[in-house]
Engineer: 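Handing you this structure, nothing more for now.
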Amino acid sequence: MHSQPGRSIRDGRRITGLILLGMLALAALAGPDLVNHDPARQSLLEAMQGPSSEHLLGTDHLGRDMAARLLSGARLSLFLACLSTITAALPGILLGITASWLGGWMDRILCAFADAVLALPGLLLVLMLAAISPGSWWALYMGISLTLWVEYFRYTRQRVRIVLADPAVEASQLLGLGPGTIVLRHLLPEIGPGLLTIAAFGAATAVTAVAALGFVSVGIRPPTAEWGSMMTELLPYWRESPFLIIQPVACLFITVLALHLSVGGGVQP
Amino acid sequence: MKAPGRVVISVQALCIHAGKDILLGPIEFHVREGGTLVIIGETGAGKSLAVQAILGTLHGSLLAEGQITVNGQRHDLLAPSTRANFWGKELATLPQEPWRALDPLMQSHRQVCETHRFVSCHSQHAAVVATNNAFGSLGLNGAEQHLPGTLSGGMAQRVAFAAATAGGAPILLADEPTKGLDTKRHATVVSLLSQVPDSGGALVVITHDISVARSLGGDVLILKDGCMIEQGPTHAVLDYPKTTYTKDLANAQPACWKPAKPCQSGDWVLKADSIRIKRGGRVLVDNFSLRLHAGERIAISGPSGGGKTTLLDTLAGLLRPANGEIQRAEHLSSTDIQKLYQDPPAAFPARVNLSCSLRDVARIHGVDSAQVACLLSRLGINSALLDRRPDEVSGGELQRISIARALTVRPRILLADEPTSRLDPITQRDTMKLLADIASDENIAILLVTHDIAMAKAWANRCIALSSPEEPLPPGGWGNRLDKAY
Amino acid sequence: MIRTLFAVLGIVMTLGLGYTMAHEKTDLTLAAPWEVASYDPAVSGFAFQRLQLMENLVDAGVDATLRPGLATRWSVSEDGLTWNFVLRSGVTFHDGTLFDASAAARSLNRAWKQPGILKKAPINNIFERDGSVVITLDRPFTSLPALLAHSTTIISSPTAFDSNDNPVALIGTGPFKVESFTPPQSLTLVRNENYWGVPSKLANITYLASGRAETRALLAESGDADMVFTLDPSGFSRLQDVDSINTVALPIPRVVTLKVNASHPFLSDARARQALSLAIDRDGIAAAITRFPEAASSQLFPPALNVWHEKNLEPLEHDIQAAKTLLADLGWTVGDDGILQKEGERFSILLRTFPDRPELPLIAAALQDQWRDIGVELEISVANYSEIPAGHQDGTLHVALYARNYGLTPDPIGTVLSDFGAGGGDWGAMGWENMAVVNALDMIATTSDTAVQRKNIQKVVRALHSELPVIPIVWYQHTVAVADGLQNVVIDPLERSYGLSAISWDN
Amino acid sequence: MISAFLARGLQAVLVALIVSVFSFIMMKALPGDAAYRIAAGRYGYDMMDAASAEVVRKELGLDQPLLLQLADWISALAKFDLGKSLVYGTPVMDEIAVQLGYSLLLAAGAVLASLLIALPVGIAAGLRPGGLVDKASFSLSVFLRAIPFFALGILLILVFAIQLDLLPVAGFHSLEHLVLPSLTLGLGLATVSNRVVRDAVADAMTAEWRLFSRTKGLSARLTMLRHVLRNAALPVVAYVGVQLAYLIEGVVIVEAVFAWPGIGHALVHAIFSRDIPMVQGTALTLGLLYVVLNLCIDLACRGIDPRTRLSAREKQGT
């Protein structure tokens, strides 16, 4: 009740974040049409040019328009970041709630399972999925979300245990409210902000993971533009044209920042 | 001002602002060596703000004005930072809930010892000796290596007292020192606190408990809505109140309530036959029997930590008794037993507004909103309050809303776990009266758990006293679960 | 806070400072992308050979002429079936074991049983006789000595193997011996004081395998490595501007080629392959991707393979219009999506390549873009390189992009024979067989008459040039960064040796 | 104490089983011919062809039934024999013995670096939530999080090895070489852990016991040292456990950039060349390493938090 100024600052940040996210979504939807260039069209003799009126953000190492590639990458990266976040978060949250709600053996089994998954090098999983279907993006993201769900599980389980021990939940149960209502009114509002923060970081992790996989030569098929794979692709030219590799990094930075701002700033997973 | 001597702490024109609103003040008081001042007020009257202003620990968004003089040193309240220097050495504080004020990871002995060591600047050896003495004189022997989490409320209170006073400060500020303690412990705390004026220090106590004020004596200051409405020697003010509020306050004590009439026995709704309750391998309640009748009000009283809450949960069907049997009347459905909680904010989903919580319950039980509104107005709740979240309404209001929520279900039995222990006397009286009225109007049986024997006697048709687990074990185990009717 | 951080870092660093600067510099660090993971010469022999840890019976100069190595001379019987290698005497292995014919025969026999270069020769037996190594053949094979210069035929001491013939140590005869070996990243060598030839001037060599081209360029720039092999185009152009470093780019007999499945219905006609070749902008690729404009390949064999490179051959052109016409002649019409169609089938093919050589995926992407102009849709699969021989064997391959080394041995005939001989080869022709070429190659391999060889080579080169069973794209450049102050650095285009024993610091 | 060992021991067995069976099945499920992959890994692409693949197939008995191969491996595992690398022919145990040491060194360096960065930054930010340090460290964390490890590594090389000439670029022959890779990984880890520290400290700073410690007379510094740090350390140490899993991912990239001979590198190579014993061995080692490190963290938590040691009593309600 004493934090009026603090709250308005927080609201301001949230609005900034939402506006940024909206702009990113718009850019992703409109895609390369915005700049009227084909993201795959090469012009080998015009490689690595600086920004010009023709190429707003310059051209990459194969003479492709950077702006067009970034926009086309935004579509894929954002979509897939969302997808992997959702596919990681849903099972993570559901299992987390299940484990803490049922407790006992169920809890122990799920925890042991989560621990075993964490102990299993996630890279193994991702690389193998990628190897099963070489060059396809869905296998990469499946693999990534398979390794990310544990984080949601651990957080949800830990928090939900605390919330469930609350007299408030007991009261609701006594009042005859069903599990659905309890999840909706007690659990989700409590764990929501934390989960959103994890998700914001998770989205960044998904994109940089694609970059990292590209680095060990497991990646998306050319000429697909994706921020992560663009980072890998442009790395060899970092010394000659540093502004090239900075662009996808900056895009990702803005996205993550926007996510954090719109989620409300907390960072603690 | 019965105690002569110089003024050690004096507060002048203390005002606390939040933006343009005045939350507290102006108030003014002086305490001399050997003097005691008790500040009494309803919850939310800004009593704790006064302590924080004096200490200089107010939240950054609040602004304090006025002057405070400690031991002749004058401080402008606008500049709180300098006051850290007299913490511990000039001015000690006893916190509201000592088990939260102690470092959960450090043994109690070390927490006291470090004050001796670093604040009084004793050598390590001297500090240990001083701590041992303090533990001895406070009856804390054996608790030296305990962590705060394993201390009982009373022990934690004494450890915190030892830690707070080890710096040798002549002034002690105590904020709600009896909150959550049973009647028996009140006496212990009062005697602990009165050591301060007896040894020539000055004591400032903030409480809503009139009995504490009466036992401490000294002066009293009455706050209402942040304003000082009366001040003077305790007995004079409380025995001959000048304002209606003070009069109300003095009369709100359970001892002054109209005793309840015994209830005509109807059909029983809940029956317990010689049940035994264990928790963590320890027998908390043994051989307990009870028959609760429709419309009856029964109070179970006993010291804190005696298994009262566990008993209530067992009766509510949330826990299973180790032995014995609990029966509900056959016509009772699963939601016919409802519970009221000690800490009302903890009984509501914290991040959802109140109207939403109420709507959920009404929807499940097919109660239309008009009935709920009717119920709320009967309980005297402004419907505008419902747009707020649980932590944004006062404890008394929230407890009434929780009663309304429970009544929406049309229960036959209401189990109330210390529902008023965090409320000030007037609110407590009003709430308890409301409960009593509802019980008779709706023919609901109410089982009240309380540590306040006076209230139990005054309010209930029947009282059951549980004995203290700290008392030596009688040969037959915890046998004296008397089902004693008054 | 930052200061504390640096203080702590400082402490960590001083702990690690174990260096004492020698008065005269005799140590050298070199960085290359190739990891050395095994003690087995069949697997890691290339590194042991380049680092002059182990030697061959036959050595080769930078101009690919054969010269005596551990064998002082060799001769072949009249019928061309029995080769006799006379060994150098007085040579000992690093551990003091005497080098003799039985040791050499043991090494060669092991190399022969393993997959390796000796499998390309029709060998019947390898044995020791009168202090010489004798190799008998089923058919004449004139370039056998060239195979004995290959890295898989290096000689290591019999004491380097356990009783099951598993290699357990690195013991050779070269001017350097192993001090420590941390597979797969590093080898440190010291001078072999008992070397039979001219001892090395350098006393200590550190070989660091660093898979990332960016790291290697930085190693060169910082001076942490004195010689850095195989730079990426961007790093190479950057290092050209660094004063303390000399950069060398040398054409080597490695060619980036496109393997085409000539039994694929779209690609079986030579005109289709010519059209694909015509659509490739080799100059663009050479200028923008590999950054050596002169490396655009006008024919399959690069100038470094002097006999096999034919100067007056008409260079491969870049002509989109001609390509379109050729394809139109074959009955392809442009569909609605801009992709060629014939009888309801789209001209869509899959290219397999691999990322181990970073320019390959880039060239693949360029091909994808360039072929789109003539209406050919190219999917790219960047995976393990074993997919290419596997795809060759099971017939699923369409086209594959890789860099083929025709200089594995000083004489490329072995490689050419296995690539374009009867039935084609895993890394050569697929579904393409030209009996004239097969016969010519057989001739080249068996005759010792150089005029006959030359005539047949010309025949082969022209056939490959017009029928394009593989489409050459760019010739490889071997890039090296050498620290200023190193003397007598010789870069071997055959990548057989780093020439370390001749190098010294100018003090 | 014993129960902690027991629980982790059980986890270790579970992990060992899951990892070995899982990696075996996955490797077998991969498309493509293993003999080709192994031959490729062994002989390099200049020497690798269908003939060498056939040699490999015969030599390694890849035609054996799957279950037999798996049973062989598990029975060998029970005898602590990890088998031989299909590619290099050396015992997997030997390969891992060399690489594990380097990986552990790198991991330890990374954790140390991350603590050296995250602790001061996180504490400074946590002392004044919403202050300048807090905001700056937040933005920097988000930024670093958006940079892939390899780009970060190269950036650090540029600054510390090329511009300042303080440290070597790559290699592993001296402790100096450890600094940059550790710093790269450590920075990556610190992006999140500094926020965890910050939140833990901010929580501790608003706790009632912290205020009481101050009002009973202890100075801000003493309160920090004696109470705040210890309480704030709990969530931080617990978080390090979660982080270790990410560390293993980062190690692979950093090892490649800095030419560091580690186990992550070995794992990637083994996967690419279908070296099943090597994959099983390295994955097993990484899994067990994770379990062991978590055991250490359990013990550290016990050391910090006497509550878990002293009482079997139920958690006290708030």
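Below, read A as the first sequence line, B as the second, and so on, with proteins coming before strands; counting in each chain starts at 1.
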Engineer: Checking heavy atoms, do the side chain of C/E387, its backbone, both or neither come under 4.5 Å from chain A?
Structural biologist: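 C/E387 has no heavy atom closer than 4.5 Å to chain A.
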Engineer: Should the pair A/R69-A/D60 be classified as a salt bridge under the 4.0 Å nitrogen-to-oxygen rule?
Structural biologist: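 Yes.
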Engineer: Any donor-acceptor pair under 3.5 Å linking the side chain of A/Q42 with the backbone of C/A365?
Structural biologist: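 Checked: pair present.
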Engineer: Donor-acceptor pair, A/S145 side chain versus A/M142 backbone, under 3.5 Å?
Structural biologist: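 A pair under 3.5 Å: yes.
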Engineer: Where does C/L351 contact chain A at under 4.5 Å (heavy atoms): side chain, backbone, both or neither?
Structural biologist: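 Neither the backbone nor the side chain of C/L351 comes within 4.5 Å of chain A.
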Engineer: If every non-hydrogen atom of A/P248 is compared with every non-hydrogen atom of A/L244, which pair is closest and at what distance?
Structural biologist: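 Between these two residues, the closest heavy atoms are CD-O, 3.1 Å.
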Engineer: Which bit of C/D241 is near chain A, if near means a heavy-atom gap under 4.5 Å: side chain, backbone, both or neither?
Structural biologist: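 Neither part, no heavy atoms under 4.5 Å.
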Engineer: Give the minimum heavy-atom separation between C/I471 and C/R282, together with the two atoms involved.
Structural biologist: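 Closest approach of C/I471 to C/R282: CG2-NH2, 3.3 Å.
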Engineer: For C/A366, which atoms come within 4.5 Å of any heavy atom of chain A: side chain, backbone, both, or neither?
Structural biologist: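 Its backbone and side chain both get close to chain A.
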Engineer: What do you reckon, are the aromatic ring centroids of C/F347 and C/F266 less than 6.0 Å apart?
Structural biologist: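 Yes, ring centres under 6.0 Å apart.
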Engineer: For a 4.5 angstrom cut-off between non-hydrogen side-chain atoms, does C/Y385 reach C/Y402?
Structural biologist: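 SC-SC contact between C/Y385 and C/Y402 ruled out.
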Engineer: May I ask you to name which of C/P355, C/A213, C/G211 has the most heavy-atom pairs under 4.5 Å with chain A?
Structural biologist: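 Highest number of pairs under 4.5 Å: C/P355.
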Engineer: Shortest non-hydrogen contact from C/A249 to C/F236?
Structural biologist: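 Minimum heavy-atom separation between C/A249 and C/F236: CB-CZ, 3.8 Å.
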Engineer: For the atom pair CD (C/Q240) and CG (C/N246), what is the distance rounded to the nearest 0.5 Å?
Structural biologist: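 Nearest 0.5 Å value for the CD-CG distance: 11.0 Å.
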Engineer: Which residues in residues 231-238 of chain A have any heavy atom lying under 4.5 Å from a heavy atom of chain C?
Structural biologist: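 Checking residues 231-238 of chain A against chain C gives A/L235, A/P236, A/Y237, A/W238.
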Engineer: Non-hydrogen atoms of chain A under 4.5 Å away: do they reach the side chain of C/I380, the backbone, both or neither?
Structural biologist: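 It is both, since atoms from each part get that close.
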